[in-house]
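A quick write-up on the structure given underneath.
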Amino acid sequence: MANNAENKPRSMTAGARNVLRSNDSASLWNCTLSPGWTQDESEILRKALIKFGIGNWAKIIESGCLPGKTNAQMNLQLQRLLGQQSTAEFAGLHIDPKVIGERNSKIQGPHIKRKNNCIVNTGGKLSREELRQRVLKNKEMFELDVSEWKDIELPKTEDPVLLLEAKKEELRHLKQQLEKVQARIAQMRRLQPARVEKLQEVVKNEA
């Protein structure tokens, strides 16, 4: 096990962490963006994947860090971060997808096929046992210690659709309040016209 630990790929020259930092190197893996994604959103997704585990879309959506993004949209951007279309071999792992992306960007050869800078799987489908073994291998090689991801803070962004609905509800409430006041004024005019006239005169004089 000691040899495996020593052979773990590291992204930092002096590093003890299998994670890419923004100031590591200008030449580090810089993934492409899926349509509809900004660089900031991609970075938020990267941190969310490290924190919750690869493919844990329910937790990411629940966190509110990427409002409006669907499972399919996040999965497509995950492929860009990993630099490969197949994501199942990392399912549930707390890894930095850019570490995999950097490694994949260096793989060359006539047998390597790419689409949108992502390696396309041209081999046969893995059996359940083969996939399980690959996940275990990736866990041993790439998974971060819990101390690396448990305290990651993600931004909580208001969903613009929900924000708009809240504003509409607030306006509906104000309209109801206004209608109640107008109804009371109309009732006073019917029942106490003299008093209403007196109040109007006072308001006019103060103005």
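- At distances below 3.5 Å, at least one donor-acceptor pair connects side-chain atoms of Ser63 with backbone N or O atoms of Ile60.
- Here the side chain of Asn56 pairs no donor or acceptor atom with the backbone of Gly92 at under 3.5 angstrom.
- For Arg172, the CZ atom sits in a packed shell: over 12 heavy atoms of surrounding residues, nucleotides or ligands are nearer than 6.0 Å.
- Side chain of Glu148 to main chain of Asp145: no donor-acceptor pair is present (N/O by atom type, distance under 3.5 Å, no hydrogens or angles).
- Contact check for Gln79 versus Thr87: side-chain heavy atoms found under the 4.5 Å cut-off.
- Both Val135 and Trp57 belong to a single network of hydrophobic side chains, linked directly or stepwise wherever heavy atoms of I, L, V, M, F, W or Y lie under 4.5 Å apart.
- Tracing side-chain contacts under 4.5 Å through hydrophobic residues (I, L, V, M, F, W, Y), one reaches Met141 starting from Leu81; they form part of the same cluster.
- A side-chain contact (heavy atoms from CB on, under 4.5 Å) with Glu89 is found for exactly one of Gln133, Arg134, Arg132, namely Arg134.
- In terms of modelled atom types and a separation under 3.5 Å, the side chain of His94 and the main chain of Glu143 share no donor-acceptor contact.
- Using a 4.0 Å cut-off between charged nitrogen and carboxylate oxygen, Glu140 and Lys137 do not count as a salt-bridge pair.
- Note: the hydrophobic cluster containing Leu78 also contains Leu154 (ILVMFWY, side chain heavy atoms under 4.5 Å, direct or indirect links).
- Scanning for side-chain hydrogen bond (donor to acceptor under 3.5 Å, both in side chains) contacts around Gln73 gives Thr70, with sequence neighbours left out.
- Looking only at distances, a side-chain donor or acceptor of Lys51 sits under 3.5 Å from a matching main-chain atom of Ile152.
- Side-chain contact between Leu191 and Gln187: present, with at least one pair of heavy atoms (C-beta onward) separated by less than 4.5 Å.
- At least one cation-pi condition fails for Lys47 and Trp149: the charged atom is not both under 6.0 angstrom from the six-membered ring centre and inside a 45 degree cone around its axis.
- Side chains of Gln182 and Ile185 form no contact here, defined as non-hydrogen atoms less than 4.5 Å apart.
- A distance-only check finds a donor-acceptor pair linking the side chain of Glu130 to the backbone of Ser127 [under 3.5 Å].
- Residues Ile95 and Asn138 form no side-chain contact, since every pair of their non-hydrogen atoms from C-beta on lies 4.5 Å or further apart.
- Residues Cys118 and Arg80 meet the side-chain proximity criterion, which asks for heavy atoms closer than 4.5 Å.
- Asp96 contributes a side-chain N or O that, together with a main-chain N or O of Lys98, makes up a donor-acceptor pair within less than 3.5 Å.
- You'll find the side chain of Glu201 reaches within 4.5 Å of the side chain of Asn205, heavy atoms only.
- The number of heavy-atom neighbours closer than 6.0 Å to CD of Gln177, taken from other residues, nucleotides and ligands shown, is above 12.
- Side-chain heavy atoms closer than 4.5 Å link hydrophobic residues (I, L, V, M, F, W, Y) into clusters, and following such links, possibly through other members, connects Leu66 to Ile61.
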Note to self: Applying side chain to side chain contact (heavy atoms under 4.5 Å, CB included) to Ile44 and Lys69, what does each step give before you reach the verdict?
What the structure shows: CA-CA 12 Å; Ile44 291 171; Lys69 296 298 185 187; over 6 Å; no
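- A 4.5 Å side-chain heavy-atom check between Ile50 and Pro97 finds at least one atom pair inside the cut-off.
- Of the possible polar contacts, none joining the Gln77 side chain to the Ser42 backbone as a donor-acceptor pair under 3.5 Å is found.
- Residues Phe142 and Leu93 are not in side-chain contact: their nearest non-hydrogen atoms beyond the backbone lie 4.5 Å or more apart.
- Electrostatic pairing of Glu102 and Lys106 counts as a salt bridge here, judged by a charged N lying under 4.0 Å from a carboxylate O.
- Leu82 and Leu76 fall into different hydrophobic clusters, where Ile, Leu, Val, Met, Phe, Trp and Tyr side chains are chained together by heavy-atom contacts under 4.5 Å.
- Judged as a side-chain hydrogen bond (donor to acceptor under 3.5 Å, both in side chains), and not counting sequence neighbours, Glu197 has no contacts.
- A salt bridge links Arg46 with Glu43: the distance from a Lys NZ or Arg NE/NH1/NH2 to an Asp or Glu carboxylate oxygen falls below 4.0 Å.
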